[in-house]
Student: 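Pasting a structure below so you can have a look.
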Amino acid sequence: MIDLGGQIKSALEVDPDVVLHAGEKKVHRLKAPEGIESPYITYFEVVNNDDNYGDDEPLSVNLIYQVDVWCEAAKVAKLLSVANATETVMKCMGFSRVDGQEFYENDTGLYHKASRYQIAKDYEEE
């Protein structure tokens with residue numbers, strides 16, 4: 001199994017545009033800590049499927065990660081700029097966007113942009 005979560009976190013945390021629009025230390029796997037100031041980013045793995053078998057062994061893996069941008073109403077203007085910065089990072093890593101949606105979360109009062117990115121990796125690459 002290949003896990004790119006650490007690479008995604010590292011790439012997003014050091015990207016100048018992400019830091020400019022979201023701030024430092026604003027990237028979290030699965031869930032952001034309580035009380036964090038928006039905007040912030042969460043990400044998680046959605047799909048991790050073996051593929052392209054040879055001699056009964058997988059030769060590659062298909063991965064989909066979801067990257068979410070969260071923002072309170074007072075800062076909603078930053079939602080798109082943070083989402084665009086994260087998209088640039090993901091595409092530079094070789095991912096392609098397969099889905100994107102915007103939400104308003106009634107329970108938290110946060111605006112939320114969710115984007116899913118896909119990549120295929122050969123096991124010998126890792």
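As the structure is a prediction and not an experimental result, all values here were calculated from the model.
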Student: With the side chain counted from C-beta on, respond yes when K31 and F44 share a heavy-atom pair under 4.5 Å apart, and no when they do not.
Tutor: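 No. Closest side-chain heavy atoms not under 4.5 Å.
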Student: Looking at every non-hydrogen atom in both residues, tell me the closest pair between A114 and D68 and how far apart they are.
Tutor: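 Here A114 and D68 meet closest at CB-OD1, 3.1 Å.
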Student: If you group Ile, Leu, Val, Met, Phe, Trp and Tyr by side-chain heavy-atom gaps below 4.5 Å, do I8 and I64 land in one group?
Tutor: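 Not linked; separate clusters.
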Student: Check the hydrophobic clustering (I, L, V, M, F, W, Y; side-chain heavy atoms under 4.5 Å; chains of links allowed) and say if V18 and I36 are grouped together.
Tutor: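 As far as the 4.5 Å side-chain criterion goes, I36 and V18 are not connected within one cluster.
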Student: Any chance you could lay out the side chain to side chain contact (heavy atoms under 4.5 Å, CB included) test for Y43 and R29, step after step, and finish with the verdict?
Tutor: CA-CA 5 Å; Y43 69 96; R29 192 166 194 161; 3.6 Å; yes
Student: As an exercise, state the distance from NZ of K91 to OG1 of T86, rounded to the nearest 0.5 Å.
Tutor: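 If I round to the nearest 0.5 Å, the distance is 10.5 Å.
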Student: Are the side chains of N84 and H21 in contact, using a 4.5 Å heavy-atom criterion?
Tutor: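 The answer is no; the side chains never approach within 4.5 Å.
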Student: Do D3 and M1 have side chains that get closer than 4.5 Å, going by heavy atoms?
Tutor: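 Side chain of D3 against side chain of M1, heavy atoms only: no contact under 4.5 Å found.
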Student: What's the shortest heavy-atom distance between V89 and A11, and which atoms?
Tutor: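 Nearest heavy atoms, V89 then A11: CG1-CB, 3.7 Å.
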Student: Is it possible for you to say whether V19 and I41 belong to one hydrophobic cluster, with membership spreading through side-chain heavy-atom contacts below 4.5 Å?
Tutor: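 Hydrophobic grouping puts V19 apart from I41.
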Student: With a 4.5 Å heavy-atom cut-off, do H112 and Y104 have their side chains touching?
Tutor: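 A side-chain contact is absent here, since even the closest heavy-atom pair is not under 4.5 Å.
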Student: Nearest 0.5 Å, what's the NZ-CZ distance between K113 and F103?
Tutor: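 Here the interatomic distance stands at 9.5 Å.
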Student: Taking atom CD of E105 as the centre, report whether more than 12 heavy atoms of other residues, nucleotides or ligands fall under 6.0 Å from it.
Tutor: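 It does: E105 CD has more than 12 such atoms within range.
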Student: Measure the spacing between CE of M93 and CD of Q7 and express it to the nearest 0.5 Å.
Tutor: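 Here the interatomic distance stands at 5.0 Å.
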Student: If I compare all heavy atoms of S38 with all of E72, which pair ends up nearest, and what's the gap?
Tutor: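 Heavy atoms of S38 and E72 come nearest at OG-N, 3.0 Å.
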Student: A quick test of your reading: do over 12 heavy atoms of other residues, nucleotides or ligands sit less than 6.0 Å from CG of D55?
Tutor: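 Counting other residues, nucleotides and ligands, CG of D55 stays at 12 neighbours or fewer.
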Student: Does V67 reach the side chain of M90, with side-chain heavy atoms less than 4.5 Å apart?
Tutor: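 Result yes, sub-4.5 Å side-chain heavy-atom pair found.
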Student: Where do K26 and P39 come nearest, in terms of heavy atoms and distance?
Tutor: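 Minimum heavy-atom contact is NZ-O, 3.1 Å.
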Student: Can you check side chain to side chain contact (heavy atoms under 4.5 Å, CB included) on E87 and Y117, steps first, answer last?
Tutor: CA-CA 9 Å; E87 174 143 335; Y117 298 93; 3.2 Å; yes
Student: Does anything in residues 10-20 form a side-chain hydrogen bond (donor to acceptor under 3.5 Å, both in side chains)? List the pairs, not counting sequence neighbours.
Tutor: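 Of all non-adjacent pairs touching residues 10-20, those that pass side-chain hydrogen bond (donor to acceptor under 3.5 Å, both in side chains) are K9-E13.
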Student: Would you compute the distance between atom CD of E45 and atom CG of L30 and round it to the nearest 0.5 angstrom?
Tutor: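 Interatomic distance, E45 CD to L30 CG, rounded to 0.5 Å: 10.0 Å.
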Student: Using every non-hydrogen atom in the two residues, find where Y40 and A32 come nearest and quote the distance to one decimal.
Tutor: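 Minimum heavy-atom contact is CE1-CB, 3.4 Å.
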Student: Which distance, rounded to the nearest 0.5 Å, do you find between the CG of D122 and the CD1 of I2?
Tutor: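 Going from CG on D122 over to CD1 on I2, the span is 8.0 Å.
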Student: Of all heavy-atom pairs between W70 and T42, which one has the smallest distance, and what is that distance?
Tutor: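 Taking every non-hydrogen atom into account, NE1-OG1, 2.9 Å.
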Student: Same cluster or not: F95 versus Y123, using hydrophobic residues (I, L, V, M, F, W, Y) connected whenever any side-chain heavy atoms lie under 4.5 Å apart?
Tutor: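 Yes, it is one cluster - the side chains of F95 and Y123 are joined through contacts under 4.5 Å.
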